[in-house]
Each structure stands twice: as C-alpha cells, then as structure tokens.
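As structure tokens, the structure follows; a few thoughts come after it.
Keep in mind that what you see is a predicted model, and the values were worked out from it rather than measured.
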Amino acid sequence: MSAATIVLLVAQAGVFLLSLAVDLALAMGTDSCTSSCDNGTINVGLQLPLVGGMVALVVSIGLSVLLMARRRRSFWIPIVGILIQVALLVIGAGLMESGMHLTGRS
C-alpha cells in the first residue's frame with residue numbers, strides 16, 4: 001500500500017511541475033495586455049496554482065507520511081491533491097482571463 005502512495009506522490013509532484021509550466025505559458029498570454037487590464041486579478045490568477053499547488057503538495061506529503069506511519073490507507077491523499085492542483089490551475093486560468101480586458105473582448 002505504501003508503494004502506491006509513494007508513486008502517487010511522485011505523480012502529484014509531476015502534475016505540480018506541469019501546472020507551473022502551463023501557468024507560465026498562460027502568463028505569456030497577458031503580454032499583450034494594455035493598461036485597461038486588471039493586474040491584481042491577473043496576479044492572483046498567476047499565483048494561485050503556484051502557492052496553492054505547493055501547499056497541496058506539502059499537505060499531501062505530510063498527511064500521507066502520517067497515515068503510513070499509523071498503518072492506515074493513504075493512497076487517496078495524493079489523488080485528492082492532484083484534483084486540487086488541477087482545479088487551482090483551471091481557476092487561476094479563469095482569473096487571468098477575466099483580468100484581461102483587451103480590445104475586441106468583452
């Protein structure tokens with residue numbers, strides 16, 4: 001059981017790194033942003049996957065180690081962490097998009 005948890009934690013770390021790459025790519029989309037853009041919303045959308053994902057990863061590792069030490073099932077914790085990371089990326093992308101008020105967009 002602990003081998004599955006470790007593999008899933010490594011997968012969660014990979015998803016975290018992948019979401020950072022996607023987040024940075026989305027940030028490049030704001031390069032054409034004019035002064036009419038809401039930089040505060042864009043910054044929150046940019047930081048959400050970074051900070052929230054790091055917190056989710058650290059909490060997943062901590063809870064998994066705690067449950068493995070108590071000999072309880074812990075494989076589900078990294079799965080929930082991966083889902084949280086993906087949700088944070090989607091929410092962050094939505095915030096970045098809503099902060100961009102470019103010509104031709106409403």
Side-chain angles (χ1 to χ4, degrees):
M1 190 64 69
S2 64
T5 303
I6 292 169
V7 169
L8 286 169
L9 283 171
V10 170
Q12 183 181 358
V15 168
F16 173 68
L17 293 175
L18 183 63
S19 77
L20 289 183
V22 170
D23 192 39
L24 291 175
L26 289 173
M28 287 187 220
T30 62
D31 287 347
S32 62
C33 204
T34 62
S35 61
S36 65
C37 292
D38 184 6
N39 290 330
T41 304
I42 292 172
N43 286 335
V44 169
L46 183 63
Q47 296 296 321
L48 190 63
L50 171 68
V51 176
M54 182 61 72
V55 168
L57 183 60
V58 169
V59 168
S60 290
I61 292 170
L63 285 176
S64 294
V65 168
L66 180 68
L67 288 179
M68 282 191 296
R70 293 183 178 180
R71 303 216 185 272
R72 306 190 80 110
R73 290 188 181 149
S74 60
F75 70 91
W76 58 273
I77 293 175
I79 294 172
V80 172
I82 289 170
L83 294 175
I84 289 171
Q85 180 63 46
V86 171
L88 289 172
L89 180 62
V90 169
I91 292 169
L95 285 172
M96 281 193 278
E97 180 67 28
S98 71
M100 294 175 59
H101 302 289
L102 300 175
T103 327
R105 291 190 175 177
S106 53

Could you point out which residue of Thr41, Asn43, Asp38, Leu26 forms a side-chain contact (heavy atoms from CB on, under 4.5 Å) with Met96? Leu26
All N/O donor-acceptor pairs, side-chain side in residues 46-53, below 3.5 Å, sequence neighbours left out:
none

What pairs with [X] under side-chain contact (heavy atoms from CB on, under 4.5 Å), at least two apart in sequence or on another chain?
| X | answer |
| --- | --- |
| Arg70 | Leu66, Arg72 |
| Leu63 | Val59, Ile77 |
| Val44 | Leu95 |
| Val10 | none |

Are Leu83 and Val90 joined in one hydrophobic group, where the rule is that I, L, V, M, F, W and Y side chains link up if heavy atoms are under 4.5 Å apart? no
With rounding to the nearest 0.5 angstrom, report the CD1 to CG distance, Ile84 to Leu88. 7.5 Å
Rounded distance (nearest 0.5 Å) linking atom CG of Asn39 with atom CE of Met100: 11.0 Å
Tell me the side chain to side chain donor-acceptor pair (under 3.5 Å) pairs involving residues 12-24, sequence neighbours left out? Gln12-Ser60, Ser19-Gln85
Least distance between heavy atoms, Ile42 atom then Gly99 atom: CD1-O, 3.7 Å
Can you see whether Thr5 engages Ser74 through a side-chain donor-acceptor pair at a distance of less than 3.5 angstrom? yes
